[in-house]
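Every chain is numbered from 1, with letters handed out A, B, ... down the list of sequences.
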Number of protein chains: 2
Amino acid sequence: MYLRGVMNQQGQPGSAIEETLRVVGDRWSILLVRAGLRGIRRFDDFCDDLGIARPVLTERLRRLVKFGIFERVRYQDKPVRYEYRLTEAGLALSPALVALVRWSEEYSQEVSSETTLVHAPCGTELEQAFWCRSCQTTFGPHAVKGVGVNDES
Amino acid sequence: MYLRGVMNQQGQPGSAIEETLRVVGDRWSILLVRAGLRGIRRFDDFCDDLGIARPVLTERLRRLVKFGIFERVRYQDKPVRYEYRLTEAGLALSPALVALVRWSEEYSQEVSSETTLVHAPCGTELEQAFWCRSCQTTFGPHAVKGVGVNDES
DNA sequence: CTACTGAGTTCGGATTTCGAACTCAGTCTC
DNA sequence: GAGACTGAGTTCGAAATCCGAACTCAGTAG
């Protein structure tokens, strides 16, 4: 097989997505982002909502803050209290989340097969597509070059 | 099939995405899917490409097979050899992957900001959008109802 | 004075991950 | 036909993570 410029062994850069998954690719981080999108901001609320262990939550939030996905905001002074809010970068993870939710709905028979993701203004179930500004068209994953979907085969 | 029966700690069913992340939400699984999309199929190639430890790869592949994302295919008899191919469900994870790659490129500090994802026919950098069949429009994450993106704010 | 809140820390034990070396059947090279 | 090689794993002990439960610390409320 041919490796195209991706060195991932020791301390090498690795591709962008590998770094990203090193930050966000654990069992909790994406769930934390989702909780953030649902409006959860406080330590104890994350804890209760996800059932994550406190020390792990502490460490995870610290890391997500460090990588600019959440920010730690003082929201009260008397007893000093902080909460965690998604940054713009954190919000920008929502397409990935939506894709995961859609996949979950389609391939996990389990439980409600009710559609949970809709276009807010009209209530229609949403589709996810790629958009080409030049061509003014939408297209599916097979016309994407770069993840390797269409490399060789 | 697929994800039926995945429980969280307390034995509760949990929402669809929680189950999904329980299967796919670790440091390696998504990278394995990506490697699969890039055409990698053999045990040793996954190993070399990702630098994943062999015992972990064994366990991870077994799980992904169990949940219908990869299938284990005998491709040779003389010495019996198996390889791992993405199933349809596995391929269907590509939108999530693409979303992550795009996010990585845009927000991940470090490394080249060269565009790696393009619309194959024309070479334009792709955008990712949601598509409403009823309205015949694309829209961004803020018009999505269901992940909580539009709760308050 | 006591109880409670919120955001953490500390603890010891259980689980997961790691790299390196080993296995095992068959095949290729000399 | 002896030795090296291949591919798909296992086995090992050490190191890193994860866990729940209990504790801390500042301030507030009764």
Side-chain angles (χ1 to χ4, degrees), chain A residues 1-3 7-12 14 18 21-32 35-36 39-67 70-86, chain B residues 6-12 14 18 21-32 35-36 39-67 70-86:
Chain A
M1 289 294 157
Y2 56 103
L3 271 167
M7 290 291 98
N8 33 26
Q9 294 295 27
Q10 311 285 53
Q12 303 306 83
E18 279 166 14
L21 287 175
R22 207 154 296 139
V23 175
V24 125
D26 69 285
R27 183 143 138 272
W28 296 113
S29 296
I30 296 189
L31 254 17
L32 287 173
I40 290 176
R41 298 183 169 178
R42 309 248 261 262
F43 192 92
D44 281 13
D45 291 337
F46 282 112
C47 232
D48 296 346
D49 189 65
L50 300 181
I52 184 176
R54 291 165 154 275
V56 179
L57 177 58
T58 300
E59 196 275 333
R60 223 37 42 113
L61 284 173
R62 238 192 272 284
R63 192 163 76 196
L64 292 173
V65 166
K66 178 174 163 196
F67 286 97
F70 278 95
E71 56 185 340
R72 187 162 176 266
V73 181
R74 164 182 281 188
Y75 71 94
Q76 176 182 299
D77 286 313
K78 320 296 282 290
V80 185
R81 291 288 137 84
Y82 298 92
E83 64 179 14
Y84 296 86
R85 297 189 196 164
L86 285 171
Chain B
V6 181
M7 301 289 170
N8 60 19
Q9 293 167 308
Q10 293 79 16
Q12 318 295 54
E18 279 167 14
L21 287 175
R22 218 162 291 269
V23 175
V24 126
D26 68 285
R27 180 143 144 270
W28 297 113
S29 297
I30 295 189
L31 289 173
L32 287 173
I40 290 175
R41 299 183 169 178
R42 310 248 259 260
F43 192 92
D44 280 12
D45 292 336
F46 282 111
C47 233
D48 296 345
D49 189 64
L50 300 181
I52 183 176
R54 291 165 155 278
V56 179
L57 178 57
T58 301
E59 196 275 333
R60 223 36 41 111
L61 283 173
R62 239 192 270 285
R63 191 163 78 196
L64 292 172
V65 166
K66 179 175 162 195
F67 288 100
F70 277 95
E71 56 186 340
R72 187 164 177 264
V73 180
R74 162 181 283 185
Y75 70 94
Q76 176 182 297
D77 285 314
K78 323 294 283 290
V80 185
R81 292 287 138 84
Y82 298 92
E83 64 179 13
Y84 295 87
R85 296 189 195 164
L86 285 171

Peer 1: Judged by each residue's nearest nucleotide on DNA chain D, which is more toward the 5′ side, A:R60 or B:R81?
Peer 2: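 So the residue in question is B:R81.
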Peer 1: Can you tell me how far P of D:dC5 sits from CZ of B:R42, to the nearest Å?
Peer 2: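 After rounding, the reported distance stands at 19 Å.
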Peer 1: Would you say the side-chain atoms of A:R41 and A:Y84 include a donor-acceptor pair closer than 3.5 Å?
Peer 2: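 No, no side-chain donor-acceptor contact under 3.5 Å.
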Peer 1: Rounded to whole angstrom units, what separation is found between the CD atom of A:E59 and the P atom of D:dT17?
Peer 2: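 So the two atoms are 8 Å apart, to the nearest Å.
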Peer 1: Could you tell me the separation between the OH atom of B:Y75 and the CZ atom of B:R85, rounded to the nearest 0.5 Å?
Peer 2: 10.5 Å
Peer 1: Output one line per pair: protein atom, nucleotide atom from nucleotides 9-16 of chain D, and distance, for all N/O pairs under 3.5 Å.
Peer 2:
residue, atom, partner, partner atom, Å
D:dG9, OP1, B:R72, NH2, 3.0
D:dG9, OP2, B:Y84, OH, 2.7
D:dG9, N7, B:R54, NH1, 2.4
D:dT10, OP1, B:R62, NH2, 2.6
D:dT10, OP2, B:R62, NH2, 3.4

Peer 1: Rounded to whole Å, how long is the line connecting atom CD of B:Q76 with atom P of C:dT27?
Peer 2: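 So the two atoms are 8 Å apart, to the nearest Å.
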Peer 1: Less than 4.0 angstrom between a side-chain N/O of A:R27 and OP1 or OP2 of D:dC19, yes or no?
Peer 2: yes
Peer 1: Give a yes/no answer on whether the side chain of A:W28 brings an N or O atom under 4.0 Å of OP1 or OP2 in D:dT17.
Peer 2: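 For D:dT17, neither OP1 nor OP2 has a side-chain N or O of A:W28 closer than 4.0 Å.
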Peer 1: Are side-chain heavy atoms of A:L61 and A:F43 found at a separation under 4.5 Å?
Peer 2: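 Yes - at least one pair of side-chain heavy atoms lies under 4.5 Å apart.
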Peer 1: Of the options C:dA7, D:dC19, D:dT28, whose atoms approach the side-chain atoms of A:K78 most closely?
Peer 2: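 Comparing C:dA7, D:dC19, D:dT28 against the side chain of A:K78, the answer is D:dT28.
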Peer 1: Between the side chains of B:R81 and B:E83, is the shortest nitrogen-to-carboxylate-oxygen separation below 4.0 Å, so that they form an ion pair?
Peer 2: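 Looking at B:E83 and B:R81, the cut-off is not met.
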Peer 1: What nucleotide, of C:dG26, D:dC19, C:dT17, holds the atom closest to the side chain of B:P79?
Peer 2: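 Shortest atom-to-atom distance from the side chain points to C:dG26.
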Peer 1: Atom CG in B:L31, atom CZ in A:R22: separation rounded to 0.5 Å?
Peer 2: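 Between atom CG of B:L31 and atom CZ of A:R22 there are 8.0 Å.
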Peer 1: Across the strands shown, which category fits A:Y75 at heavy-atom distances under 4.0 angstrom: base, sugar-phosphate, nothing?
Peer 2: sugar-phosphate
Peer 1: Rounding to a whole Å, what distance do you find between B:D77:CG and C:dT27:P?
Peer 2: 11 Å
Peer 1: In Å and rounded to the nearest 0.5 Å, what is the CG to CD1 distance from B:L21 to A:I30?
Peer 2: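 Answer rounded to 0.5 Å: 5.5 Å.
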Peer 1: Report the distance from atom CG of B:D26 to atom C1' of C:dT15, rounded to the nearest whole Å.
Peer 2: 14 Å
Peer 1: Rounded to whole Å, how long is the line connecting atom CG of A:L50 with atom P of D:dC19?
Peer 2: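 Answer to the nearest Å: 11 Å.
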Peer 1: First locate atom CZ of A:R54, then atom CG of A:D44, and finally report the distance between them rounded to the nearest 0.5 Å.
Peer 2: 4.5 Å
Peer 1: Could you state the CD1-C1' distance from B:I52 to C:dC18, rounded to the nearest angstrom?
Peer 2: 11 Å
Peer 1: Can you tell me how far P of C:dT17 sits from CG of B:L32, to the nearest Å?
Peer 2: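 Checked: the CG to P distance equals 12 Å.
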